[in-house]
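To start, the structure itself, in C-alpha coordinates.
Protein chains get the first letters and strands the later ones, always in sequence-line order, with residue 1 at the start of each. The analysis underlying the following values was restricted to heavy atoms, covering all of them including side chains, and did not include hydrogens, waters or symmetry mates.
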2 protein chains.
Amino acid sequence: MRQDHRLSRMLHVLIHLDRHRKHATSDEIAAMLRTNPVVVRRTLGGLRKAGLVTSEKGHGGGWRLARGLADISLRDIYAALGEPPLFAIGNAQDDPDCLVEKAVNSAIDDTLGEAQALMLDRFATVTLADIAADFDRRLLDYPAEAQRFGHVHIEE
Amino acid sequence: MRQDHRLSRMLHVLIHLDRHRKHATSDEIAAMLRTNPVVVRRTLGGLRKAGLVTSEKGHGGGWRLARGLADISLRDIYAALGEPPLFAIGNAQDDPDCLVEKAVNSAIDDTLGEAQALMLDRFATVTLADIAADFDRRLLDYPAEAQRFGHVHIEE
DNA sequence: ATTTTATGTAACTTATGAAGTTTCATAACC
DNA sequence: GGTTATGAAACTTCATAAGTTACATAAAAT
(Lines give C-alpha, C1' and ligand atoms only; values in the text may rest on other atoms or scores of the structure.)
Protein backbone atom coordinates (compact mmCIF):
# COMPACT_ATOMS: atom_id res chain seq x y z
CA MET A 1 0.00 0.00 0.00
CA ARG A 2 1.28 3.35 -0.95
CA GLN A 3 1.35 5.83 1.90
CA ASP A 4 -0.44 9.16 1.99
CA HIS A 5 2.10 11.95 2.46
CA ARG A 6 -0.27 14.88 2.38
CA LEU A 7 -0.38 15.58 6.10
CA SER A 8 3.40 15.56 6.33
CA ARG A 9 3.73 17.83 3.31
CA MET A 10 1.15 20.31 4.54
CA LEU A 11 2.84 20.67 7.92
CA HIS A 12 6.10 21.30 6.12
CA VAL A 13 4.63 23.98 3.85
CA LEU A 14 2.65 25.83 6.48
CA ILE A 15 5.59 26.17 8.83
CA HIS A 16 7.81 27.48 6.04
CA LEU A 17 5.00 29.87 5.19
CA ASP A 18 5.21 31.28 8.69
CA ARG A 19 8.94 31.11 9.32
CA HIS A 20 10.59 31.88 5.99
CA ARG A 21 8.21 33.92 3.92
CA LYS A 22 4.67 35.19 4.17
CA HIS A 23 3.47 33.94 0.84
CA ALA A 24 4.63 31.60 -1.91
CA THR A 25 3.37 30.46 -5.29
CA SER A 26 2.38 26.90 -6.11
CA ASP A 27 5.49 26.63 -8.30
CA GLU A 28 7.77 27.67 -5.47
CA ILE A 29 6.11 25.33 -3.00
CA ALA A 30 6.20 22.49 -5.54
CA ALA A 31 9.95 22.99 -5.95
CA MET A 32 10.37 22.87 -2.18
CA LEU A 33 8.33 19.67 -1.87
CA ARG A 34 9.89 18.21 -5.01
CA THR A 35 6.50 17.75 -6.57
CA ASN A 36 4.15 19.30 -9.11
CA PRO A 37 2.41 22.69 -8.70
CA VAL A 38 -0.95 21.11 -9.57
CA VAL A 39 -0.55 18.70 -6.69
CA VAL A 40 0.18 21.68 -4.45
CA ARG A 41 -2.96 23.52 -5.60
CA ARG A 42 -5.07 20.42 -5.16
CA THR A 43 -3.88 19.76 -1.64
CA LEU A 44 -3.69 23.36 -0.42
CA GLY A 45 -7.14 23.87 -1.99
CA GLY A 46 -8.58 21.63 0.72
CA LEU A 47 -6.87 23.73 3.36
CA ARG A 48 -8.25 26.91 1.81
CA LYS A 49 -11.80 25.53 2.01
CA ALA A 50 -11.17 24.81 5.68
CA GLY A 51 -10.01 28.39 6.24
CA LEU A 52 -6.41 27.55 7.07
CA VAL A 53 -4.83 29.35 4.13
CA THR A 54 -5.84 31.90 1.52
CA SER A 55 -4.84 32.12 -2.12
CA GLU A 56 -4.62 34.99 -4.57
CA LYS A 57 -4.41 34.98 -8.33
CA GLY A 58 -2.22 37.03 -10.61
CA HIS A 59 0.93 39.03 -9.98
CA GLY A 60 2.10 38.83 -6.41
CA GLY A 61 -0.40 36.07 -5.81
CA GLY A 62 0.13 32.73 -4.16
CA TRP A 63 -0.59 31.12 -0.81
CA ARG A 64 -0.68 32.66 2.62
CA LEU A 65 -1.51 31.48 6.13
CA ALA A 66 -4.96 32.52 7.31
CA ARG A 67 -4.16 32.02 11.01
CA GLY A 68 -1.20 31.88 13.32
CA LEU A 69 0.62 28.60 13.80
CA ALA A 70 -0.68 28.33 17.35
CA ASP A 71 -4.23 28.29 16.01
CA ILE A 72 -3.72 25.36 13.65
CA SER A 73 -3.64 21.84 15.08
CA LEU A 74 -2.68 18.73 13.18
CA ARG A 75 -6.30 17.70 13.63
CA ASP A 76 -7.40 20.79 11.70
CA ILE A 77 -5.14 19.87 8.81
CA TYR A 78 -6.15 16.23 8.90
CA ALA A 79 -9.81 17.30 8.77
CA ALA A 80 -9.07 19.73 5.94
CA LEU A 81 -7.60 16.86 3.94
CA GLY A 82 -10.92 15.03 4.23
CA GLU A 83 -9.91 12.70 7.07
CA PRO A 84 -8.19 10.13 4.86
CA PRO A 85 -7.80 6.56 6.17
CA LEU A 86 -5.24 6.23 8.95
CA PHE A 87 -4.68 2.48 8.73
CA ALA A 88 -3.24 0.19 6.13
CA ILE A 89 -5.02 -2.83 7.60
CA GLY A 90 -8.72 -3.50 7.84
CA ASN A 91 -11.52 -6.01 7.87
CA ALA A 92 -12.00 -8.27 4.88
CA GLN A 93 -15.76 -7.66 4.88
CA ASP A 94 -17.58 -4.75 6.46
CA ASP A 95 -20.84 -6.36 7.48
CA PRO A 96 -20.40 -10.13 7.34
CA ASP A 97 -23.11 -12.66 8.09
CA CYS A 98 -20.60 -15.12 9.53
CA LEU A 99 -20.53 -14.90 13.33
CA VAL A 100 -16.85 -15.85 13.38
CA GLU A 101 -16.08 -12.96 11.11
CA LYS A 102 -18.24 -10.64 13.20
CA ALA A 103 -16.14 -11.55 16.24
CA VAL A 104 -12.93 -11.07 14.24
CA ASN A 105 -14.08 -7.67 12.99
CA SER A 106 -14.99 -6.67 16.50
CA ALA A 107 -11.54 -7.55 17.81
CA ILE A 108 -9.77 -5.66 15.04
CA ASP A 109 -12.16 -2.69 15.29
CA ASP A 110 -11.48 -2.46 19.02
CA THR A 111 -7.77 -2.05 18.44
CA LEU A 112 -8.10 0.24 15.44
CA GLY A 113 -10.68 2.32 17.29
CA GLU A 114 -8.40 2.80 20.28
CA ALA A 115 -5.45 3.64 18.06
CA GLN A 116 -7.53 6.07 16.03
CA ALA A 117 -8.78 7.81 19.17
CA LEU A 118 -5.21 8.13 20.38
CA MET A 119 -4.02 9.52 17.07
CA LEU A 120 -6.84 12.03 16.68
CA ASP A 121 -6.38 13.12 20.27
CA ARG A 122 -2.67 13.70 19.70
CA PHE A 123 -3.39 15.51 16.45
CA ALA A 124 -5.82 17.78 18.27
CA THR A 125 -3.23 18.55 20.93
CA VAL A 126 -0.26 19.35 18.72
CA THR A 127 -0.23 22.70 16.93
CA LEU A 128 2.02 23.92 14.18
CA ALA A 129 3.52 26.27 16.75
CA ASP A 130 4.70 23.25 18.73
CA ILE A 131 6.44 21.82 15.68
CA ALA A 132 7.87 25.21 14.77
CA ALA A 133 9.27 25.50 18.30
CA ASP A 134 10.94 22.13 17.83
CA PHE A 135 12.38 23.44 14.56
CA ASP A 136 13.72 26.49 16.42
CA ARG A 137 15.43 24.22 18.94
CA ARG A 138 17.04 22.21 16.15
CA LEU A 139 18.25 25.43 14.59
CA LEU A 140 19.97 26.38 17.83
CA ASP A 141 21.52 22.95 18.11
CA TYR A 142 22.82 23.01 14.55
CA PRO A 143 23.35 26.68 13.66
CA ALA A 144 25.42 25.71 10.61
CA GLU A 145 22.20 24.48 9.07
CA ALA A 146 20.44 27.79 9.54
CA GLN A 147 20.67 28.64 5.86
CA ARG A 148 20.45 25.15 4.48
CA PHE A 149 17.09 23.44 4.22
CA GLY A 150 17.99 20.54 2.04
CA HIS A 151 15.73 21.63 -0.76
CA VAL A 152 15.13 24.54 -3.07
CA HIS A 153 14.80 27.27 -0.50
CA ILE A 154 12.06 29.78 -1.15
CA GLU A 155 13.08 33.32 -0.17
CA GLU A 156 10.96 36.39 0.20
CA MET B 1 -5.06 3.27 -0.63
CA ARG B 2 -6.09 -0.31 -0.75
CA GLN B 3 -6.25 -1.97 2.65
CA ASP B 4 -4.47 -5.13 3.68
CA HIS B 5 -7.05 -7.74 4.72
CA ARG B 6 -4.68 -10.57 5.47
CA LEU B 7 -4.77 -10.31 9.26
CA SER B 8 -8.56 -10.29 9.29
CA ARG B 9 -8.73 -13.22 6.91
CA MET B 10 -6.24 -15.30 8.83
CA LEU B 11 -8.10 -14.83 12.10
CA HIS B 12 -11.28 -15.91 10.36
CA VAL B 13 -9.70 -19.05 8.89
CA LEU B 14 -7.85 -20.17 11.98
CA ILE B 15 -10.91 -19.95 14.20
CA HIS B 16 -13.00 -21.92 11.71
CA LEU B 17 -10.16 -24.42 11.61
CA ASP B 18 -10.56 -24.93 15.33
CA ARG B 19 -14.31 -24.64 15.72
CA HIS B 20 -15.79 -26.22 12.60
CA ARG B 21 -13.32 -28.67 11.20
CA LYS B 22 -9.83 -29.81 11.93
CA HIS B 23 -8.45 -29.43 8.46
CA ALA B 24 -9.45 -27.85 5.16
CA THR B 25 -7.99 -27.56 1.68
CA SER B 26 -6.95 -24.30 0.06
CA ASP B 27 -9.93 -24.60 -2.29
CA GLU B 28 -12.38 -24.94 0.60
CA ILE B 29 -10.82 -22.05 2.49
CA ALA B 30 -10.78 -19.92 -0.66
CA ALA B 31 -14.51 -20.55 -1.13
CA MET B 32 -15.13 -19.52 2.47
CA LEU B 33 -13.08 -16.31 2.10
CA ARG B 34 -14.46 -15.66 -1.39
CA THR B 35 -11.00 -15.57 -2.86
CA ASN B 36 -8.52 -17.67 -4.80
CA PRO B 37 -6.81 -20.83 -3.49
CA VAL B 38 -3.39 -19.51 -4.51
CA VAL B 39 -3.95 -16.46 -2.34
CA VAL B 40 -4.81 -18.83 0.52
CA ARG B 41 -1.62 -20.86 0.01
CA ARG B 42 0.48 -17.73 -0.21
CA THR B 43 -0.91 -16.25 2.97
CA LEU B 44 -1.17 -19.44 5.02
CA GLY B 45 2.33 -20.28 3.78
CA GLY B 46 3.66 -17.48 5.95
CA LEU B 47 1.81 -18.85 8.94
CA ARG B 48 3.26 -22.30 8.26
CA LYS B 49 6.80 -20.87 8.29
CA ALA B 50 5.99 -19.29 11.64
CA GLY B 51 4.79 -22.62 13.00
CA LEU B 52 1.16 -21.63 13.43
CA VAL B 53 -0.30 -24.13 10.93
CA THR B 54 0.83 -27.24 9.08
CA SER B 55 0.03 -28.33 5.56
CA GLU B 56 -0.08 -31.71 3.87
CA LYS B 57 -0.10 -32.61 0.19
CA GLY B 58 -2.22 -35.17 -1.62
CA HIS B 59 -5.39 -36.97 -0.70
CA GLY B 60 -6.72 -35.94 2.67
CA GLY B 61 -4.26 -33.08 2.71
CA GLY B 62 -4.84 -29.46 3.48
CA TRP B 63 -4.28 -27.06 6.35
CA ARG B 64 -4.38 -27.72 10.06
CA LEU B 65 -3.72 -25.71 13.23
CA ALA B 66 -0.32 -26.41 14.80
CA ARG B 67 -1.31 -25.01 18.22
CA GLY B 68 -4.39 -24.33 20.29
CA LEU B 69 -6.21 -21.04 19.85
CA ALA B 70 -5.09 -19.90 23.30
CA ASP B 71 -1.48 -20.16 22.15
CA ILE B 72 -1.85 -17.90 19.13
CA SER B 73 -1.99 -14.15 19.65
CA LEU B 74 -2.86 -11.60 17.00
CA ARG B 75 0.75 -10.46 17.36
CA ASP B 76 1.93 -13.93 16.31
CA ILE B 77 -0.18 -13.77 13.17
CA TYR B 78 0.85 -10.21 12.39
CA ALA B 79 4.49 -11.26 12.73
CA ALA B 80 3.91 -14.32 10.55
CA LEU B 81 2.54 -12.03 7.83
CA GLY B 82 5.86 -10.17 7.84
CA GLU B 83 4.70 -7.22 9.94
CA PRO B 84 3.12 -5.30 7.08
CA PRO B 85 2.66 -1.51 7.44
CA LEU B 86 -0.03 -0.52 9.93
CA PHE B 87 -0.54 3.05 8.79
CA ALA B 88 -1.85 4.60 5.62
CA ILE B 89 -0.13 7.91 6.36
CA GLY B 90 3.57 8.63 6.64
CA ASN B 91 6.39 11.07 6.17
CA ALA B 92 7.02 12.53 2.75
CA GLN B 93 10.78 11.95 3.07
CA ASP B 94 12.50 9.55 5.43
CA ASP B 95 15.73 11.38 6.17
CA PRO B 96 15.31 14.98 5.08
CA ASP B 97 18.01 17.64 5.30
CA CYS B 98 15.45 20.36 5.96
CA LEU B 99 15.19 21.09 9.68
CA VAL B 100 11.53 22.01 9.35
CA GLU B 101 10.84 18.65 7.80
CA LYS B 102 12.87 16.92 10.52
CA ALA B 103 10.64 18.55 13.13
CA VAL B 104 7.53 17.58 11.15
CA ASN B 105 8.71 13.98 10.85
CA SER B 106 9.44 13.89 14.55
CA ALA B 107 5.92 15.05 15.42
CA ILE B 108 4.30 12.51 13.12
CA ASP B 109 6.64 9.74 14.21
CA ASP B 110 5.77 10.43 17.84
CA THR B 111 2.09 9.87 17.20
CA LEU B 112 2.55 6.91 14.88
CA GLY B 113 5.01 5.37 17.33
CA GLU B 114 2.58 5.64 20.21
CA ALA B 115 -0.26 4.24 18.13
CA GLN B 116 1.91 1.40 16.87
CA ALA B 117 2.99 0.52 20.40
CA LEU B 118 -0.64 0.47 21.47
CA MET B 119 -1.67 -1.70 18.55
CA LEU B 120 1.16 -4.21 18.94
CA ASP B 121 0.50 -4.38 22.66
CA ARG B 122 -3.17 -5.09 22.06
CA PHE B 123 -2.30 -7.66 19.40
CA ALA B 124 0.04 -9.37 21.84
CA THR B 125 -2.69 -9.50 24.48
CA VAL B 126 -5.54 -10.85 22.39
CA THR B 127 -5.49 -14.54 21.47
CA LEU B 128 -7.61 -16.43 18.99
CA ALA B 129 -9.24 -18.09 21.99
CA ASP B 130 -10.51 -14.68 23.10
CA ILE B 131 -12.08 -14.06 19.73
CA ALA B 132 -13.49 -17.59 19.61
CA ALA B 133 -15.07 -17.00 23.03
CA ASP B 134 -16.70 -13.88 21.66
CA PHE B 135 -17.98 -15.96 18.75
CA ASP B 136 -19.42 -18.47 21.24
CA ARG B 137 -21.25 -15.66 23.03
CA ARG B 138 -22.69 -14.40 19.76
CA LEU B 139 -23.85 -17.91 18.99
CA LEU B 140 -25.75 -18.05 22.28
CA ASP B 141 -27.32 -14.67 21.61
CA TYR B 142 -28.44 -15.63 18.13
CA PRO B 143 -28.98 -19.40 18.18
CA ALA B 144 -30.85 -19.25 14.86
CA GLU B 145 -27.55 -18.43 13.24
CA ALA B 146 -25.85 -21.52 14.62
CA GLN B 147 -25.86 -23.27 11.28
CA ARG B 148 -25.50 -20.25 9.05
CA PHE B 149 -22.15 -18.63 8.58
CA GLY B 150 -22.95 -16.32 5.73
CA HIS B 151 -20.59 -18.01 3.32
CA VAL B 152 -19.88 -21.37 1.83
CA HIS B 153 -19.67 -23.41 4.97
CA ILE B 154 -16.90 -25.97 5.07
CA GLU B 155 -17.99 -29.20 6.76
CA GLU B 156 -15.88 -32.07 7.99
C1' DA C 1 2.49 -47.74 -12.03
C1' DT C 2 -1.04 -44.52 -13.04
C1' DT C 3 -4.42 -41.40 -11.70
C1' DT C 4 -6.18 -38.21 -8.60
C1' DT C 5 -5.78 -34.78 -5.19
C1' DA C 6 -3.42 -31.74 -2.93
C1' DT C 7 0.37 -28.04 -1.87
C1' DG C 8 4.46 -24.92 -3.67
C1' DT C 9 5.86 -21.44 -6.50
C1' DA C 10 6.92 -18.45 -10.33
C1' DA C 11 5.12 -15.12 -13.41
C1' DC C 12 1.74 -12.32 -14.73
C1' DT C 13 -2.62 -9.29 -14.51
C1' DT C 14 -5.99 -6.47 -11.98
C1' DA C 15 -7.72 -3.03 -8.75
C1' DT C 16 -7.22 1.02 -5.99
C1' DG C 17 -6.06 5.60 -4.79
C1' DA C 18 -2.27 9.02 -4.04
C1' DA C 19 0.64 11.30 -6.91
C1' DG C 20 1.97 13.25 -11.06
C1' DT C 21 0.98 15.50 -15.69
C1' DT C 22 -1.26 18.04 -19.48
C1' DT C 23 -4.30 21.41 -20.82
C1' DC C 24 -7.08 25.24 -20.66
C1' DA C 25 -10.18 28.57 -18.25
C1' DT C 26 -10.21 32.46 -15.14
C1' DA C 27 -8.71 36.31 -12.57
C1' DA C 28 -5.42 39.97 -10.97
C1' DC C 29 -1.69 42.96 -11.69
C1' DC C 30 1.56 45.36 -14.79
C1' DG D 1 -3.24 43.33 -23.95
C1' DG D 2 0.33 40.66 -21.92
C1' DT D 3 1.99 38.34 -17.92
C1' DT D 4 1.46 35.77 -13.84
C1' DA D 5 -0.98 33.42 -10.93
C1' DT D 6 -4.84 29.99 -9.22
C1' DG D 7 -8.85 26.60 -10.44
C1' DA D 8 -10.18 22.59 -12.33
C1' DA D 9 -10.95 18.73 -15.55
C1' DA D 10 -9.01 14.76 -17.61
C1' DC D 11 -5.62 11.72 -17.96
C1' DT D 12 -1.28 8.82 -16.80
C1' DT D 13 1.87 6.80 -13.45
C1' DC D 14 3.18 4.27 -9.38
C1' DA D 15 3.00 0.94 -5.65
C1' DT D 16 1.25 -3.15 -3.84
C1' DA D 17 -2.43 -6.34 -2.07
C1' DA D 18 -5.14 -9.28 -4.47
C1' DG D 19 -6.23 -12.22 -8.07
C1' DT D 20 -5.01 -15.50 -11.91
C1' DT D 21 -2.58 -18.87 -14.85
C1' DA D 22 0.47 -22.46 -15.34
C1' DC D 23 3.17 -26.02 -13.95
C1' DA D 24 6.18 -28.70 -10.72
C1' DT D 25 6.04 -31.74 -6.74
C1' DA D 26 4.36 -34.93 -3.45
C1' DA D 27 1.06 -38.14 -1.23
C1' DA D 28 -2.75 -41.26 -1.31
C1' DA D 29 -6.19 -44.09 -3.87
C1' DT D 30 -6.92 -47.35 -7.42
Show me the protein contacts with nucleotides 12-15 of chain D, counting only N or O atoms at under 3.5 Å.
unit_1, atom_1, unit_2, atom_2, d
D/dC14, O2, A/Arg2, NH1, 3.2

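Every residue meeting the salt bridge (charged side-chain N to carboxylate O under 4.0 Å, His left out) condition with A/Asp134, not counting sequence neighbours, appears here in chain and number order: A/Arg137, A/Arg138. Here B/Ala117 pairs with nothing under the side chain to side chain contact (heavy atoms under 4.5 Å, CB included) rule; sequence neighbours left out.
Between the C1' atom of C/dA18 and the CZ atom of A/Arg9 lies a distance of 9 Å, rounded to the nearest Å. A/Asp4 has its CG atom 12 Å from the P atom of C/dG17, to the nearest Å. A/His23 has its NE2 atom 16 Å from the P atom of C/dA28, to the nearest Å. Protein atom CG of B/Leu86 is 15 Å distant from nucleotide atom P of D/dT16, rounded to whole Å. Regarding B/Glu28, its CD atom lies at a distance of 7 Å from the P atom of C/dA6, rounded to whole Å. One atom, CG of A/Asp27, and another, C1' of D/dT4, lie 10 Å apart when rounded to the nearest Å. C/dA18 atom C1' lies 16 Å from atom CG of B/Asn91, rounded to whole Å. The interatomic distance linking B/His5 (NE2) with D/dA18 (C1') rounds to 10 Å, in whole Å.
Ring planes of B/Phe123 and B/Tyr78: tilted class, angle from 30 to 60°.
The shortest distance between the side-chain N/O atoms of B/Thr35 and the OP1/OP2 oxygens of D/dA18 is not below 4.0 Å. Using a 4.0 Å cut-off, no side-chain N or O of B/Thr25 falls inside it from OP1 or OP2 of C/dA6.
Taking every heavy atom of both residues into account, A/His5 and B/Ala92 meet most closely at CG-CA, 3.7 Å. Residues A/Gly51 and A/Ala66 approach most closely at O-CB, 3.4 Å, considering heavy atoms. Summarising the geometry of A/Thr127 relative to A/Leu69, their closest heavy-atom pair is CB-O, 3.8 Å, with the distance given to 0.1 Å.
A 4.5 Å side-chain heavy-atom check between B/His16 and B/Arg21 finds every atom pair outside the cut-off. At a threshold of 4.5 Å between non-hydrogen side-chain atoms, the residues A/Leu17 and A/Lys22 do not count as touching.
Listed by first and then second residue, the salt bridge (Lys or Arg N to Asp or Glu O under 4.0 Å) pairs that reach into residues 50-75 of chain A are A/Arg67-A/Asp76, A/Arg75-A/Glu83, sequence neighbours excluded.
Of all the residues in residues 36-48 of chain A, A/Val38, A/Arg41, A/Arg42, A/Arg48 reach under 4.0 Å from DNA chain D with at least one non-hydrogen atom. Across residues 52-62 of chain B, B/Lys57, B/Gly58, B/His59 each have a non-hydrogen atom less than 4.0 Å from an atom of DNA chain D (numbered order).
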Verdict with supporting geometry, B/Lys102 and B/Asp97, salt bridge (Lys or Arg N to Asp or Glu O under 4.0 Å): CA-CA 7 Å; B/Lys102 280 183 192 287; B/Asp97 288 328; 5.6 Å; no
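Residues B/Phe135 and B/His20 place their aromatic rings such that the two centres sit under 6.0 Å apart.
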